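Predicted model, so just to flag it, every value in this text is computed and none were measured. Counting starts at 1 for both ligands and their atoms, following the listed order.
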Amino acid sequence: MAQEDHFKNLVAHCKEYGYVFQSSEIYDGLSAVYDYGQYGVELKNNIKKYWWDSMVLLHENIVGIDSAIFMHPTIWKASGHVDAFNDPLIDNKDSKKRYRADVLIEDHIAKIETKIDKEVKKAGKRFGDSFDEKIFMETNPRVLANREKIDRLTSRYSKALNDNNLDEIKQIIVDNEIVCPVSGTRNWTDVRQFNLMFSTEMGSTADGSMKIFLRPETAQGIFVNFLNVQKSGRMKLPFGIAQIGKAFRNEIVARQFIFRMREFEQMEMQFFVKPGTELEWFKHWKDIRMKWHQSLGFGEENYRFHDHEKLSHYANAATDIEFKFPFGFKEVEGIHSRTDFDLTQHQKYSGKKMQYFDPETSESYVPFVVETSIGVDRMFLQIISAAYTQEEIRKSNGTTDSRVVLRLPPALAPVKLAVLPLVKKDGLPEISRKIIDDLKFDFNCQYDEKDSIGKRYRRQDAIGTPFCITIDHQTTEDNTVTIRYRDTMEQERVAIDKLKETISEKVDMRRLLRQ
Ligand code: GAP
């Protein structure tokens, strides 16, 4: 199935099975804002727990905080967001549609990439088993010409962005004959900057109100609390502060479902270190964070680092962890060595010292910071797109059937087990209820007695429940039940009093954290 169709089906599945809904849907929706349904919220909470425990539980030198969304407006001046948190915008005069100029160029580059992919696929078909992709890529004149086009365009475009040269960005669009996807014309306005922060008023206007911003990242709430945490927790360098919370960005191009949203959630950790040691810590956190992702078992080949060649003025190293989404490799997490930029800026703008007294050297200094920053929603999309599988199954009578299954890591699955009486009589529902009453303190359980057992299995597969427990007439005789495993569909007979132990071992988050 084409990746595009696969992604459309995934989005539809998320709605049909209570994972993600369009916000304000009955009012035709609010663009790039989403609500999480009954299963979505459980998966989201499990993702947050996996992250929080891996940071705060497993590291004695990392503590968590929960800072307010509203913060003093000068914080955003100090951090650079008021002056520089911008996207370059361009309008098409015919369609009246507004675009991010950088995205138009990136889409154009992606189209050239697609041409290369098509050449490779065509050649693969023509040459069959004797096809050597590497040699083809290195020698085919059309591939080489397109590759050169991409390289030239990428370097011109990166330079224009870095120099904040809006005229040059427009010129790139003109030179490459990029057209508006709606009107198909090249009738463009000039490119101008657009600040991504949402603002609101705090206080009544009669008393004089203050313009404040909805935070575009949670990190600043950590920076401004650095000394509060360090002093009250008697923390010694190196140490980290972790936070999970909402962030808001007025994204112009909000696409790809929950990949780019206007209201989203971040999990950020700022690790404060002695100046001069930050690049070692940067490498350390790169390794740890990649392992955290790969422990989920979605295949190492689906992750890669994208090291930033051009760095922001405050960073001395930065990388993204990218995951292979149905629409290609894209950033899920950023790891940035942010030097002492943020603390120094807050020191300057607040007039308060943001220094650490090092008892070992008896010196005071502004620590350097290595940050790990990941979007909860993007992590959610990573997991759900890797887990969503449509498969053909061969039945014992030789016929075929199909099923949709969410192969979620059991520790993250919203419902851990479903208890299904084979029939609605003969005491089987009562035994099922008793099992749930015993297990509900440990696991999120679901009871289902409606429809055939086959249909009930399919429903559980579709929401990603790793275990179905079937209660049948044999249960009334020997207190055993059947466990049916979601991924293999194999079944096993176990004693009721062994259920808790059998399931605990498989859904325990510690299994993930230990890796
Ligand atoms: N404090 C650093 C920071 O905010 P970022 O690269 O802008 O860095 C970090 O964002 C992560 O937040 C991204 O890797 C992504 O997972 C998530 N993120 C950023 N913008 C987002 C958006 N509009 N919608 C969903 N997730 C977003």
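Applying side-chain contact (heavy atoms from CB on, under 4.5 Å) to Y99 and the options D87, V191, I252, V182 leaves one that passes, V182.
For the pair K286 and F305, the cation-pi test (distance below 6.0 Å, angle within 45°) is passed. Both tests hold for K44 against Y36: distance to the six-membered ring centre under 6.0 Å, angle to the ring axis within 45°.
Of all protein heavy atoms, the one closest to atom 10 (O) of ligand 1 is Q266 NE2, 3.5 Å. With respect to atom 19 (C) of ligand 1, the closest heavy atom belonging to the protein is R249 NH1, 3.5 Å. For atom 13 (C) of ligand 1, the nearest non-hydrogen atom of the protein is E331 OE2, 3.3 Å. At the shortest separation from atom 9 (C) of ligand 1 among protein heavy atoms lies S373 OG, 3.0 Å. For atom 25 (C) of ligand 1, the closest non-hydrogen atom of the protein is F259 O, 3.3 Å. Ranking protein heavy atoms by distance to atom 18 (N) of ligand 1, first place goes to F264 CE1, 3.5 Å. At the top of the distance list for atom 2 (C) of ligand 1, counting protein heavy atoms only, stands E371 OE2, 3.1 Å. The protein heavy atom nearest to atom 16 (O) of ligand 1 is V332 O, 2.7 Å.
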Mind running side-chain hydrogen bond (donor to acceptor under 3.5 Å, both in side chains) on Y388 and N9 for me, showing each step along the way? CA-CA 9 Å; Y388 179 79; N9 292 345; 4.6 Å; no
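Heavy-atom separations between K330 and ligand 1 are all 4.0 Å or longer.
By the 4.5 Å heavy-atom criterion applied to side chains, E333 and S373 are not counted as neighbours.
Taking every heavy atom of M261 and a limit of under 4.0 angstrom, the matching atoms of ligand 1 come to 22 (C), 23 (N), 24 (N), 25 (C). Each of the atoms 14 (O) of ligand 1 lies under 4.0 Å from some heavy atom of E333.
H336 places no side-chain N or O within donor-acceptor distance of the main-chain N or O of R338, the cut-off being under 3.5 Å.
Between the CD atom of E25 and the NZ atom of K15 there is a distance of 4.0 Å, given to the nearest 0.5 Å. Atom CZ in R378 sits 12.0 Å away from atom CE in M267 (nearest 0.5 Å).
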